[in-house]
Amino acid sequence: METAMNAETGQPGLPKKRPVKSKTNVWGRMKSQRLLFLLMLPALAITLLFSYVPMFGLYMAFVHYSPGGGPFFSQFFTAKFVGFEWFSYFFNNGDFYMIMRNTLAQSFLSLLFGFPMPIILALMINELRNGWFKRTFQTVSYMPHFISWVIAANIIITVLSSGGVINNMLTGLGFIDEPIQFMQKGPLFWWIIAFSNTWKDMGFNAIMYLAAISAINPELYEVAKVDGASRLKQMLHITLPSIKPTIIILAILAVGGILNAGFDQQYLLQNNTVLQYSEVIDTYTYKYGLQNGMFSYGAAVGLFKSLVAFILVISVNTMAKKMNEQSLF
C-alpha cells in the first residue's frame, strides 16, 4: 500500500490502495489484442502437433512393441511392458563403449573446430571495408550450408581419394611418396567428420554473430578511435565483449547437442573398413530401430540420447548463469 498525502496539512493521510488486476482486465486485453493471438494460433498448433503429440511414442521405449497386421494403437498400447529392459540391454551391449566413444570423439572435435571458427569468420568479415568483396566473401562462405550432404559427401570422398586434390598436392610437394587412403583409415575418420562439419556450417553459423555485431553502437568505435585504439584492440575490447551473450547462448546449445554427432554425414561417408570408428548413436538407432525392426530398442536409445542432452543443457545453463549472469533461460 502507498500512503496518500493530505493536501491541506501536508501530513500523511489514509493508506492508498493499489488497483487490483482482475480477470476482466486480462480478458479485455486478450480481446483488444485478439488479432495478435490469432496470429499465434498456427505456430501454437504446429508446436503442439509436431513437438508434443509425438511424445506419447516415448512409451515404446518401455514396451516390447512388434508391429503386426492389426491396428497400430491397439498393438502399441497392448504390447508387453518391460520397463527399463531395453536400456539395460543397450548399456550392457558390447557396442555401447564403441558407440559412445565414436559419438563423443566426433562431437568434441566438431565442437572444438566448429564453434570458434564462425566467430573468427564473423570478425574477419566485419573487418572488411570493401562492400562488394565483403558481400561476395560472405555469400561464398555460407554456400556450403545449402549443399545437400549427398553432394557434400561425394565432394569430400573425391577430394580425399587416391587421385584427389589432397593426395596430388602432398605428393607434388614431396611430403608423401604414396597416396594416403584417407577413407580407409579409421582414426582419420573422426577428423574428416570434424573438418567436414566445420567447412559446411561455418559460414552459415557466422550469420548469427554478424547480426549481433551489427547491433553494436557505432559510437563505441568512434570513441575508441579518438583514444587511439587500433582495429585489433577495437575487436578485442568492443566487438567480442558486445557479442559475448550470443556466444554463451550458442555455446550452451552446442554443448547440449554433444551426443548429436549427426546422421547424414556419418551414414554417407562411412564404410565397412572404418565402421568401428564411424558408428554413432544416430546411425546405430537407424540400423537397429528401422532396418532390423527393433523399434522399442531404437526408441530407448533415442530417449537416452535426449535425456543426456537435456541434462547437459540444464547443467551448462546453470553454470553460465552463475559465472557470467548470462544464460539461455
Side-chain angles (χ1 to χ4, degrees), residues 33 36 39-40 43 106-147 149 152 155 191 193-258 260-262 265 309 312-329:
Q33 299 177 358
L36 296 178
L39 290 174
M40 290 173 56
Q106 294 178 30
S107 297
F108 177 76
L109 289 175
S110 297
L111 186 63
L112 181 65
F113 294 103
F115 185 76
M117 286 306 298
I119 302 174
I120 298 172
L121 180 62
L123 294 174
M124 291 172 57
I125 293 175
N126 185 61
E127 292 301 316
L128 296 176
R129 292 295 176 259
N130 187 299
W132 178 85
F133 182 74
K134 181 177 182 178
R135 291 190 297 270
T136 304
F137 183 78
Q138 183 178 354
T139 302
V140 172
S141 66
Y142 66 67
M143 280 182 64
H145 176 79
F146 300 99
I147 299 176
W149 264 114
I155 294 174
W191 298 91
I193 289 293
F195 285 115
S196 300
N197 289 333
T198 303
W199 161 72
K200 196 169 186 302
D201 296 328
M202 177 176 61
F204 185 78
N205 293 336
I207 296 177
M208 291 178 283
Y209 297 107
L210 287 170
I213 292 174
S214 65
I216 301 175
N217 189 350
E219 294 181 359
L220 296 175
Y221 295 102
E222 297 297 332
V223 173
K225 290 179 182 178
V226 173
D227 292 339
S230 62
R231 293 175 66 176
L232 179 60
K233 289 185 177 180
Q234 293 176 37
M235 182 191 303
L236 295 176
H237 299 288
I238 297 178
T239 308
L240 280 176
S242 298
I243 65 174
K244 181 181 176 181
T246 305
I247 295 175
I248 293 175
I249 290 174
L250 294 178
I252 294 171
L253 296 175
V255 173
I258 195 70
N260 189 22
Q265 59 271 47
L312 286 174
V313 168
I314 297 297
S315 303
V316 176
N317 183 78
T318 304
M319 292 174 57
K321 193 172 184 179
K322 290 182 178 180
M323 295 175 60
N324 301 294
E325 297 183 354
Q326 286 287 344
S327 61
L328 187 61
F329 47 86

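As the structure is a computational prediction, the values presented were derived from the model and not from experiment.
- A distance of 12.0 Å separates OG in Ser230 from NZ in Lys225, rounded to the nearest 0.5 Å.
- Rounded to the nearest 0.5 angstrom, Arg135 CZ and Asn130 CG are separated by 8.5 Å.
- Nearest heavy-atom pair, Ala206 versus Ala122, reported as atom, atom and distance to 0.1 Å: O-CB, 3.9 Å.
- Pairing each heavy atom of Ile216 with each of Ile238, the nearest pair is CG2-CG2, 4.2 Å.
- Minimum interatomic distance between Leu210 and Asn126 (heavy atoms only, all atoms of both residues): CD2-N, 4.4 Å.
- Residue Ser107 holds its OG atom at 12.0 Å from CG of Leu112, rounded to the nearest 0.5 Å.
- To the nearest 0.5 Å, atom NE2 of residue His145 and atom CG of residue Asn205 are 7.5 Å apart.
- One N or O on the side chain of Ser214 and one on the backbone of Ala211 form a donor-acceptor pair closer than 3.5 Å.
- Contact check for Ile213 versus Thr239: side-chain heavy atoms found under the 4.5 Å cut-off.
- Here the closest heavy-atom approach between residue Ala229 and residue Gln234 is recorded as O-NE2, 3.2 Å.
- With a 4.5 Å cut-off on side-chain heavy atoms, Leu123 and Tyr209 do not count as touching.
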Let me see the working for Leu250 and Phe115 under side-chain contact (heavy atoms from CB on, under 4.5 Å), right down to the final yes or no. CA-CA 9 Å; Leu250 294 178; Phe115 185 76; 4.1 Å; yes
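- A 4.5 Å side-chain heavy-atom check between Leu121 and Phe137 finds at least one atom pair inside the cut-off.
- The line from CD1 of Ile119 to CE of Met202 is 12.5 Å long, rounded to the nearest 0.5 Å.
- For Tyr142 against Gly203, the heavy-atom pair with the smallest separation is CB-C, 3.4 Å.
- Between Ile207 and Gln138, the shortest heavy-atom distance links the atoms CG1-NE2, 4.4 Å.
- Within the 3.5 Å criterion, the main-chain N or O of Leu220 finds no donor-acceptor partner in the side chain of Asn217.
- Between Phe195 and Phe113, the angle of the ring planes lies from 30° to 60°, which puts this pair in the tilted group.
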For Val313 and Leu253: C-alpha separation, side-chain torsions, deciding distance, then whether side-chain contact (heavy atoms from CB on, under 4.5 Å) applies. CA-CA 7 Å; Val313 168; Leu253 296 175; 5.6 Å; no
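- Side-chain N or O atoms of Arg129 include one that pairs as donor or acceptor with a backbone N or O of Glu127 at under 3.5 Å.
- The closest side-chain heavy-atom distance from Thr198 to Asp201 is not below 4.5 Å.
- Within the 4.5 Å cutoff, side-chain heavy atoms of Ile248 are placed close to those of Lys244.
- For Lys200 (side chain) and Ile147 (main-chain N/O), a donor-acceptor pair under 3.5 Å exists by modelled atom type.
- Annotation: the span from Ser141 atom OG to Met124 atom CE amounts to 9.5 Å, rounded to 0.5 Å.
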Go through Leu312 and Ile252 one step at a time and tell me if the side-chain contact (heavy atoms from CB on, under 4.5 Å) criterion holds. CA-CA 8 Å; Leu312 286 174; Ile252 294 171; over 6 Å; no
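- Other residues, nucleotides and ligands place no more than 12 heavy atoms under 6.0 Å from the CH2 atom of Trp191.
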